[in-house]
2 protein chains.
Amino acid sequence: MTIRKQRAPTLEDVAREARVSLKTASRVLNGSENVRKEKVTKVRAAMARLGYRPNELARSLMTRKSGAIGIVVANLANPFVIKVIKEVQEVARSNGYVVIITSSEGQPEVERSEIESLVRRQIDGLIIAPATTGWKHLSPILPMHIPVVTFDQLIRGSNLDSVIITNRQSAAEATQHMLDHGFRRVVAIGTRPHLYTSRERVAGYRKSMTQANLKPRECLVAHESLLTAKWLEAEVLGEHAADAIFSLNWVSTQRVLRGLRDLGIRGGQDIPLLSFDDFDLGDVLTPGLSVVQQPSDLLGRESARLLFERLKGDGVQPSRRILLPARLVIRESCGCRLIMEPNATLPSGLQRLPERGHSRRI
Amino acid sequence: MTIRKQRAPTLEDVAREARVSLKTASRVLNGSENVRKEKVTKVRAAMARLGYRPNELARSLMTRKSGAIGIVVANLANPFVIKVIKEVQEVARSNGYVVIITSSEGQPEVERSEIESLVRRQIDGLIIAPATTGWKHLSPILPMHIPVVTFDQLIRGSNLDSVIITNRQSAAEATQHMLDHGFRRVVAIGTRPHLYTSRERVAGYRKSMTQANLKPRECLVAHESLLTAKWLEAEVLGEHAADAIFSLNWVSTQRVLRGLRDLGIRGGQDIPLLSFDDFDLGDVLTPGLSVVQQPSDLLGRESARLLFERLKGDGVQPSRRILLPARLVIRESCGCRLIMEPNATLPSGLQRLPERGHSRRI
DNA sequence: CTGAAAGCGCTAACAC
DNA sequence: GTGTTAGCGCTTTCAG
């Protein structure tokens, strides 16, 4: 009756409608025990009649909990990132939280301002795939008591909770695998050399190369846009002609494959190729793409778990770091052909994955 | 000095620190003209000294604008969806908005509750890729004065702003293209027959088949999980052996390709294949995947544009519907081989895209 | 130009 | 069990 015109009904409207006090209505809304059943029913009815929707913003202002967490990533196009987000989202939802996603485009500047914006919106927690390895541009948010979890990249000198994968070891394994094929001039191709992941993967690559008494040769571009056919021709296929390629991340693999194609070279066939990061169609490519597969789902879940554990538990737990194993998924682009006997062992004792039934042709 | 312990500084703290009134501080914060320069400086300094961050929630409560929009999609794994989100995000950011992303997993139930949650958080606008064609479960949010834009799917009986693509026409074109190759038993494979997009695409397919005096034969599964190798063998390759496949969406293409592979059949090579929706590596597959490519970037931008036009403009504009053209991208999996003369015309007069330089081998 | 007072929609303390 | 009184941190009247 006495509803303020043109405005969504408030709890006060509900209380009036149900002829109870504001606080009683509030108690019903929050499922408090201390209300007579009779009144609960009345309030519920009033809510339904009015089409009442609680204003979470008002509630947040009082409780100092927004029920939102933020996630900042570098590149929304990367399926790996998406899978992580998807998992985080799921965990968040099951905890009654929403997630605000922002993208830094790999630029620290943008990252900073996005985080700032999230903090102003009073997010309760933050998950970041840092755009750089630096700590300076992030420290301004530390003084606040908001929990932060980083994944993918590690931030130097911080002691934030973090979830990372076995970059170095997996890169070493992958390189070793190609070496076991007999390739000698395996070239590592990647982007953004300053990133933690790049550095680690390169280190793993170098280790395997050096151990085999081979000269490591990594070709990293500052930005993916530089990874063109022309560049490939000059840097990778030119004088020091590579006899195999180890691509260090998703975007570089995509670029390499395109570049090679433009040169009339079939990646993985004319020249062996192993990729750090898998693709949606990686298993149906011809030949199947051999990859180091990141445990993206697990990564997302663990990141979210760390965050929510801090959000629930009030104690001052020590910071935790989780290291997740990446998995070498051997298909064919690395030079493997499925012609071996059922019990034959693979180069470095890997297990064959039964992923390409038809590949038993040569 | 007199900062409340352990709490983020408020505007009141700033005012006290700067020895001005709360309102003056507020004016400075909002860049109001009517403040003496001298005071502006003092307030700014106080803000910096205190490390003040405005609380957007409190502001929102008063202004009734949360500065957030929501977006609800069916499947975060779909690259098409991701591209749309990415664009929306960008537009939102340039308007000073954040976007809250939620996923309905294709279930109307979930969709409803996610929207409810967003509305409670006072989002200013909503972009939806509806999980169904129905209107009932969405109408509860209409009474509110929050602008809604739908994309991808169309909702029957609503007059919401919407952005869709030429599903029917493009499907007809694609089918016709395969028919022009001489295939007679083109089978359409898809998922979730009740969806608007599925129905439209099937309609386009049927049109081309019927016009050619051929019997349409569409095989749709209720859920993608049913699209297995076994199912393919029984339904598509069995008695009425298909001589070409038209896959109606991203997920079905992925499933079809995997299923065929498991049967020892190379999709696009042993059996021609055309896909509605492109893939990250669609152009480097062997053979290259011929696809109907959705203008996902444009779709995202237009959806966001419609929404923000409503958010800014206060007038009661009539609802708008934008129809965007999908593009037939011919590579090779449809049966095309790049052996024709430079000036030869393609089957239905399409333009060859110069995407696969090396394919000039048969 | 500036400031005091009121209040956005809700919850946290206390009383009753 | 219930209602009253204060606010949360900010913006909006509306006087000066």
Side-chain angles (χ1 to χ4, degrees), chain A residues 2-43 46-47 50-67 119-124 144-145, chain B residues 2-43 46-47 50-67 119-124 144-145:
Chain A
T2 348
I3 298 172
R4 295 202 239 47
K5 65 163 183 181
Q6 283 307 38
R7 254 200 208 160
T10 72
L11 199 53
E12 194 179 345
D13 297 325
V14 171
R16 202 177 313 133
E17 174 85 8
R19 305 184 174 287
V20 298
S21 81
L22 176 58
K23 183 56 195 167
T24 301
S26 168
R27 276 197 257 264
V28 172
L29 179 59
N30 293 287
S32 163
E33 291 297 304
N34 301 339
V35 185
R36 267 224 295 276
K37 281 212 162 179
E38 189 185 315
K39 295 208 173 184
V40 173
T41 321
K42 264 168 62 180
V43 172
M47 284 176 169
L50 263 40
Y52 170 71
R53 291 165 197 280
N55 182 332
E56 290 295 335
L57 254 40
R59 183 190 300 220
S60 299
L61 190 56
M62 198 61 210
T63 59
R64 294 155 185 298
K65 301 218 155 299
S66 66
V119 171
R120 288 181 176 204
R121 291 202 145 76
Q122 312 296 117
I123 48 160
D124 298 334
M144 324 239 26
H145 284 292
Chain B
T2 347
I3 297 173
R4 293 201 238 51
K5 64 162 185 183
Q6 285 303 39
R7 258 204 204 157
T10 73
L11 198 53
E12 195 178 343
D13 296 326
V14 171
R16 201 177 312 134
E17 174 84 8
R19 302 184 176 289
V20 297
S21 82
L22 176 58
K23 182 55 195 166
T24 301
S26 168
R27 277 195 256 263
V28 173
L29 179 59
N30 292 286
S32 165
E33 290 297 303
N34 302 337
V35 184
R36 267 224 294 277
K37 280 214 163 179
E38 187 187 314
K39 294 206 173 183
V40 173
T41 321
K42 263 168 62 179
V43 173
M47 284 177 169
L50 263 40
Y52 171 71
R53 293 165 195 280
N55 181 333
E56 291 296 335
L57 254 40
R59 185 191 301 224
S60 299
L61 189 57
M62 199 62 207
T63 59
R64 295 158 183 297
K65 300 216 157 301
S66 65
V119 170
R120 289 182 175 202
R121 275 171 212 279
Q122 312 299 114
I123 49 160
D124 297 334
M144 323 241 23
H145 285 292

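Below, chains carry the letters A, B, ... as their sequence lines are ordered, and counting in each starts from 1.
- As a whole-Å value, the separation of A/Leu57 CG from D/dC10 C1' is 12 Å.
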So B/Val20 and B/Arg27, side chain to side chain contact (heavy atoms under 4.5 Å, CB included) or not? Walk me through it.
CA-CA 11 Å; B/Val20 297; B/Arg27 277 195 256 263; over 6 Å; no

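- Using a 4.5 Å heavy-atom cutoff, the side chains of A/Thr24 and A/Lys42 are not in contact.
- Going from atom CZ of B/Arg120 over to atom C1' of C/dC10 covers 14 Å, rounded to whole Å.
- The side chain of A/Asn55 lies closest to C/dG9, out of C/dT2, D/dC10, C/dG9.
- Atoms CZ (B/Arg121) and P (C/dG9) sit 18 Å apart, rounded to a whole Å.
- When rounded to the nearest whole Å, the span between CG of B/Leu22 and C1' of D/dT13 equals 14 Å.
- With distances taken from any side-chain atom of B/Arg59 to the nucleotides D/dC10, C/dG3, C/dC10, the minimum falls on D/dC10.
- Put simply, A/Thr10 has no side-chain N or O that comes within less than 4.0 Å of OP1 or OP2 on C/dG9.
- No side-chain heavy atom of B/Glu38 sits less than 4.5 Å from a side-chain heavy atom of B/Thr41.
- Between B/Arg7 atom CZ and D/dC8 atom P the separation is 7 Å, expressed in whole Å.
- Side-chain N/O atoms of B/Arg36 include none lying less than 4.0 angstrom from OP1 or OP2 on C/dC1.
- In this model, no side-chain donor or acceptor of B/Arg53 finds a partner on the base of D/dG9 within 3.5 Å.
- Taking only side-chain nitrogens and oxygens, A/Thr24 comes nearer than 4.0 Å to OP1 or OP2 of D/dG3.
- Separating the CE atom of A/Met62 from the C1' atom of C/dG7 is a distance of 15 Å, rounded to the nearest angstrom.
- Heavy-atom nearest nucleotides on DNA chain C were determined for A/Pro54 and for A/Arg27, and the one closer to the 5' end corresponds to A/Pro54.
- Contact of A/Arg64 with D/dG9 (side chain to base): no donor-acceptor pair of N or O atoms is detected under 3.5 Å.
- The CG-P distance, from B/Leu61 to C/dC8, rounds to 9 Å in whole Å.
- The side chain of A/Lys23 places no N or O atom within less than 4.0 Å of a non-bridging phosphate oxygen (OP1 or OP2) of D/dG7.
- Phosphate contact (OP1/OP2 of D/dT11, side-chain N/O of B/Ser26, threshold under 4.0 Å): present.
- When side chains are defined from C-beta on, B/Leu50 counts as touching B/Val14, because their heavy atoms get closer than 4.5 Å.
- Here the C1' atom of nucleotide D/dC14 and the CG atom of B/Asn34 are 15 Å apart, to the nearest Å.
- Regarding contacts with the backbone of D/dT2, every side-chain N or O of A/Lys42 stays at 4.0 angstrom or more from both OP1 and OP2.
- Counting heavy atoms from C-beta on, the side chains of B/Arg59 and B/Asn55 never come closer than 4.5 Å.
- Between B/Asn30 and D/dT11, a side-chain N or O to OP1/OP2 separation shorter than 4.0 Å is present.
- The listed nucleotides are D/dG1, D/dT4, D/dC10; the one nearest the side chain of B/Tyr52 is D/dC10.
- Contact check for A/Arg64 versus A/Asp124: no side-chain heavy atoms found under the 4.5 Å cut-off.
- Residue-level contact check: B/Leu11 touches the backbone only, with heavy atoms under 4.0 Å from sugar-phosphate atoms and none from bases.
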